[in-house]
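Nothing here was measured: the structure is a model prediction, and the numbers come from that model. Numbered from 1 within each chain, the chains take letters A, B, ... in sequence-line order.
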Amino acid sequence: MTRVKTVMTNENNKYDFIFKGINLTKSIFIVGLVIRLVLIVFAEWQDANMLVKYTDIDYVVYTDASRAVVNGLSPYDRSTYRYTPLLAYLLVPNILIHPAFGKLLFVICDMIIAYLLKGILLERFPKITSRTLLICLASWLLNPFSINVSTRGNAESVIGAMVLASFYFLTKKNLTLASIFYGLSVHFKIYPIIYSIPMYLYIDENFFSRKPSEYTSLNNNFKNIFKNFFNKNRLKFFLISAFTFISLTFIMYLIYGYIFLFETYLYHVIRADNRHNFSVYFYQIYLNTPIVETVGDLVGKVNGSNMIVALASFLPQVILLLAITLVYFNDLEFCLLLETITFVAFNKVCTVQYFIWYYSILPLVIPSSSLGLVQYIILFAVWMGSQGLWFYSAFNLEFLGLQTFWNIWVAGLLFFIANIYILVKLILNHNPIKVNQYLKSK
Amino acid sequence: MNKLISLLFLIIINLIIISAIVDINYQSYQSNDIIIIQDLKENEKLNLKNHVNSDKIDITTTNSADNSINNFLISHQHTSNFKNNLFNDDNYNNNIESIIVYFNNNHLKGKFSKTSSKYPTLIEPIIRIVVNFKDGSKEIQMDEFSTIKTMTFNQTLNICKILESVLDTSIQPCSSNESPIFDNLLHMGLIPNTMNPPYLTNNNNNNNNNNKDSNILKPINDISIKRQRIIQSSKFNKQENEKSYLELFNSNSYLNCLSIFNHHKLCNSHKVSYSIENSYDQLLGFTLTINKNSIEFNEQTLINTNKLTIKYNPISTTSTTTTTTSTTLALLNADKSKEIYKLENSKASKLDEMIDNIETTTLVKDGDDSEWVILKLDHLVKKSGFHRELVINVTLKSPLRDTVPGVCKIMVLENLDQGIFVDRYEVDEIERFGGPKVVIYQLIDLEKPSTSSTQNFVSIIKQFNTTGSATQDIQLTLPIHLRYQNPLFSDNGDSNTFRQSIISSPQIYLSCEPTNSVLNNNDNSNNDNWNLITNYNLLLDDISKSISINVPVGQLNDNDSVKFYTLLVTVIGSILVIITIFITHKKNLLQKKK
């Protein structure tokens, strides 16, 4: 064990990128941390002195919920608190120590994510160059989106850290911890549930003997998937993660009752928000909100075709998620990224905070992709550009009171097309062969 | 399959509707009327004259010889008692205690220049429906965590049916047509009992003078306070013409047959026995209270004439059940002396004993120097889009007396319709930054569309110094947010589809209690004694009426193309990615083999 550890340390040092005597790989952690800490301090100043806040409204909601907990009340006394009570518990120091404690916690989670990313990358791509590793880490640590989200006080990095911890322990072959972190992440926010099938398939009967770097989508055997559908490792993963999720959820249910289940999970599942958002389905959902103003509306029309439309807008997402899972589950990091993009692009409700989900997984895909810097910039520009059009139309509606629903819908369609384009580009440039070549060289 | 489901659905809906129809039997076994005539001129006395061989009684004043016009304030109180349950006891309406329809027409453009306890002077006429429920009913329940919900459709339908049968007008949701008077009852909000609905004043002139609980201001999070359902409307005022309120409803409606100012040509047995022949100059208002076994009705009018004539209208003998009726007439002189008469057929006989339940209307003269006067009131909405700012500019003139304390508080009570809300977390934050205190009386959902939301009352409170100047300019701002509303069909294909949200004109209260603790302790606001200001000294053109805000809504004309292209793009997008995956995967596998 000790021997392995020393080897690991040596290997870790080997991956450090030294430029003119400066260890950039280490520096980037420090730079990322310092930027975030400075912004937390700046946020404190702006919030205290200006009515326009730097801090996100969600952070205020978390803090209010924590205050309720400190006062012996339910965090759900704060309306729009739609998270597990664990988050309110985590942020209790916001009330007892300092209101910025939570942001510090989120920034620490950012750092943990970077650490986990590095660990996964080294296990998955042992031949990774120190330069590529630096780029991968920089794409998270210096990502303006991730910096912004954590310092404004959004808890997404906590969930991101849990998902990555689960992945990290899969690569470290610690199935128990991986399962516990996965169950925890689903308890925290329901969306990682989409990762359940690829993770389940990834854990095959050779899970403990095969190195993370030996997994490749090119070795998929579709017959094997179903033949050994229930093996010991998979059942262990299923039982531990389900136990973690169910026991946490049950305890919270015992304490807070139905309101906890509704706000944390059911709300997100049944949510058909008819207010404008990035979702391609937004206008369709809004226009088809059942109007019940009078008795006449009840008798009037019972629309069966709405069921068909609902099904038709549900199927493309499910089929696509299944196709991605079955082809790429052995390129787990690529599979998770595609699933996340697909899930967000096809979701009934889509807001900016969902975009954060991509960024913690993206660095893992860079080494196996033949996309160059210019192409990443183009993809990013397409993605941002289609959002820009949406923002312009939404601003006209929300702040100028113009009737721009049609424009918002068209912008939503374009944003969806941009997402499809990104998916196609990522798939076309994905090189599972690199993994394969590595296998051969062994 | 779909047809079968929809058929079943239709049957269920019909069953619900049939069971919800309320059929009220309005045959009372006992009714009681009190007519109070109050002379508004000083140094005069009212005279009553029985006509021989006639069904009329005249009321004149001592000075009537000179034919001068007198101002009569006529109040009518009616009570009918029933043996049957007016709420038709079944599952969902047996927790209703009473339904009140309140109309206050004593507004600034009217001819009446005074304010009465039941009908204080308002900027514009207002109609309110208030429903009282038994303690613990789920209709008025407000949990600590959940936001206020609309009443169930069935319960709303029930109340709606009862109102329709009394008022003989169509009301949503039991009728499809939008009512020219009432808002859809589905949007009834909650209001604390302590605000004294439907009047929303302290009613200090009444017996509950020392009732400390009768306090307009109560914080939102005190869920122990009993609440009532309320909906307010002032939209009928848009018509601008000063018509009689009787024309708001059909003249043979139950309500109008209770009025002594109606002519009862179309009324059947359930009408009052006496009517006033003179037509009134202004209706100040009416209050109709439907209880389980009784109906109470109160109306008040102003008549400028030199002779009032009361006419006896015998009830047609065709009615099968016997109804005991009694009518009392009270004459109130300006010097506060009273004369009580009992009316039987066409004769008035004087009674010596005093009747307790005669409510004297205390009048406050407008423009009185000893009271606060509103000199200017601007009520406007700034900014555009879904996030706006309600700005209220008030100029007050302090009373000419020495007792005004140095610090007073002003409270502006706003009624926002179901399409508008105030974010309590936002206003709390603004208060921390030195903004006004905002009191919200019910928990508001920040995300619901207007369809499933309720009207709400919000008040804004600001402290000001009275020293220095006789007039005070006070500005209050309240950030408001608009909710999404239902989409709309536009007939002319115009893409600019909008719906309206309405903010009624506000009611303004003052609290000038000579408390020393005003500055020390903000939490004592519960003890403030808020008095409605009813003295206005405005130019009529300056009157700020209700504000209507245009809210952009989706256009249903686009529905089919939106459905089609959304589906097309998502299906093609999904297929495209799947094809890419399989082609790339195949290609990669081939390369591997090589």
- Item | Positions in residues 409-417 of chain A that reach chain B, provided some heavy atom is under 4.5 Å away | A:Trp409, A:Leu413, A:Phe416, A:Ile417

- Near A:Phe262 CZ, under 6.0 Å, is it more than 12 heavy atoms from other residues, nucleotides or ligands? yes

- Minimum heavy-atom distance B:Phe582-A:Ala323, with the two atoms named: CE1-CB, 4.3 Å

- Is any side-chain heavy atom of A:Phe405 closer than 4.5 Å to a side-chain heavy atom of B:Thr497? no

- With side chains defined as the heavy atoms from C-beta onward, is the minimum distance between A:Thr80 and B:Glu447 less than 4.5 Å? yes

- A:Val327 versus B:His585, closest heavy-atom pair with distance: CG1-ND1, 3.5 Å

- Query: A:Phe391: what forms a side-chain contact (heavy atoms from CB on, under 4.5 Å) with it, not counting sequence neighbours?
  - Reply: A:Phe278, A:Val352, A:Gln387

- Item | Heavy-atom contact with chain A under 4.5 Å, split by part of B:Asn559 | both

- Partner residues of A:Tyr421 under the side-chain contact (heavy atoms from CB on, under 4.5 Å) criterion, sequence neighbours left out: A:Leu379, A:Val382, A:Lys425

- Scored by heavy-atom pairs under 4.5 Å with chain B, the best of A:Leu400, A:Val424, A:Val60 is A:Leu400

- Can you tell which part of B:Glu426 gets under 4.5 Å to a heavy atom of chain A, answering side chain, backbone, both or neither? neither

- Straight-line distance of B:Ile581 CD1 to A:Ile324 CD1, nearest 0.5 Å: 4.5 Å

- Query: Between A:Tyr81 and chain B, which part of the residue has a heavy atom less than 4.5 Å away: side chain, backbone, both or neither?
  - Reply: neither

- Got a donor-acceptor contact below 3.5 angstrom from the A:Gln403 side chain to the B:Val553 backbone? yes

- Task: Tell me whether the centres of the aromatic rings in B:Tyr565 and A:Tyr283 are closer together than 6.0 Å.
- Result: no

- Select one option (side chain, backbone, both, neither) describing which atoms of B:Thr570 are under 4.5 Å from chain A's heavy atoms. both

- Query: From A:Leu218 CG over to B:Asn588 CG, what is the distance, rounded to the nearest 0.5 angstrom?
  - Reply: 5.5 Å

- Message: Is there a side-chain contact between A:Asn288 and B:Lys563 in this structure, where contact means two heavy atoms from C-beta onward sitting under 4.5 Å apart?
- Response: yes

- Query: Checking heavy atoms, do the side chain of A:Asn429, its backbone, both or neither come under 4.5 Å from chain B?
  - Reply: neither

- Query: Do you know which two heavy atoms are closest between A:Tyr286 and B:Gly554, and how far apart they sit?
  - Reply: OH-N, 3.1 Å

- Message: Which heavy atom of B:Ser175 sits nearest to which heavy atom of A:Thr294, and what is that distance?
- Response: O-CG2, 3.2 Å

- Counting only heavy atoms closer than 4.5 Å, note whether B:Leu186 contacts chain A via side chain, backbone, both or neither. side chain

- Which distance, rounded to the nearest 0.5 Å, do you find between the CG of A:Leu402 and the CG of B:Asn550? 11.5 Å

- Parallel, tilted or perpendicular, as decided by the 30° and 60° cut-offs, for the rings of A:Phe399 and B:His387: tilted

- Part of A:Leu397 within contact of chain B (heavy atom distance under 4.5 Å): both

- Query: Cut-off 3.5 Å, side chains only: do B:Tyr484 and A:His276 have a donor facing an acceptor?
  - Reply: yes

- Using the test side-chain contact (heavy atoms from CB on, under 4.5 Å), find all partners of B:Leu576 that sit at least two apart in sequence or belong to another chain. A:Ile420

- Message: Quick check: closest heavy atoms across B:Pro552 and A:Gly401, and the distance to 0.1 Å?
- Response: CG-O, 3.7 Å

- How far does CG of B:Asn557 sit from CG of A:Leu287, to the nearest 0.5 angstrom? 9.5 Å

- Message: Which one wins on heavy-atom pair count under 4.5 Å against chain A: B:Val551, B:Thr584, B:Thr566, B:Leu567?
- Response: B:Thr566

- Item | Under 4.5 Å from a heavy atom of chain A, the part of B:Thr156 involved | neither

- Task: Considering non-hydrogen atoms only, spot the tightest contact between A:Trp406 and B:Asp558 and give its length.
- Result: CE3-OD2, 3.5 Å

- Can you tell which part of B:Ser561 gets under 4.5 Å to a heavy atom of chain A, answering side chain, backbone, both or neither? both

- Quick one: pull up CD1 in B:Ile583 and CD1 in A:Ile427 and give me the separation to the nearest 0.5 Å. 11.0 Å

- Checked B:Phe498, B:Phe433, B:Tyr425 vs chain A; the most non-hydrogen pairs under 4.5 Å come from B:Tyr425

- Task: Using the ring of B:Phe386 (Phe, Tyr or Trp, six-membered ring only), decide whether A:Arg275 places NZ or CZ under 6.0 Å from its centre and within 45 degrees of its axis.
- Result: no

- Query: Are A:Thr289 and B:Pro449 close enough that some pair of their side-chain heavy atoms sits under 4.5 Å apart?
  - Reply: no

- Residue A:Asn396 versus chain B: region with a heavy atom under 4.5 Å: neither

- Message: Quick check on A:Tyr328 against chain B: is it the side chain, the backbone, both or neither that has a heavy atom closer than 4.5 Å?
- Response: side chain

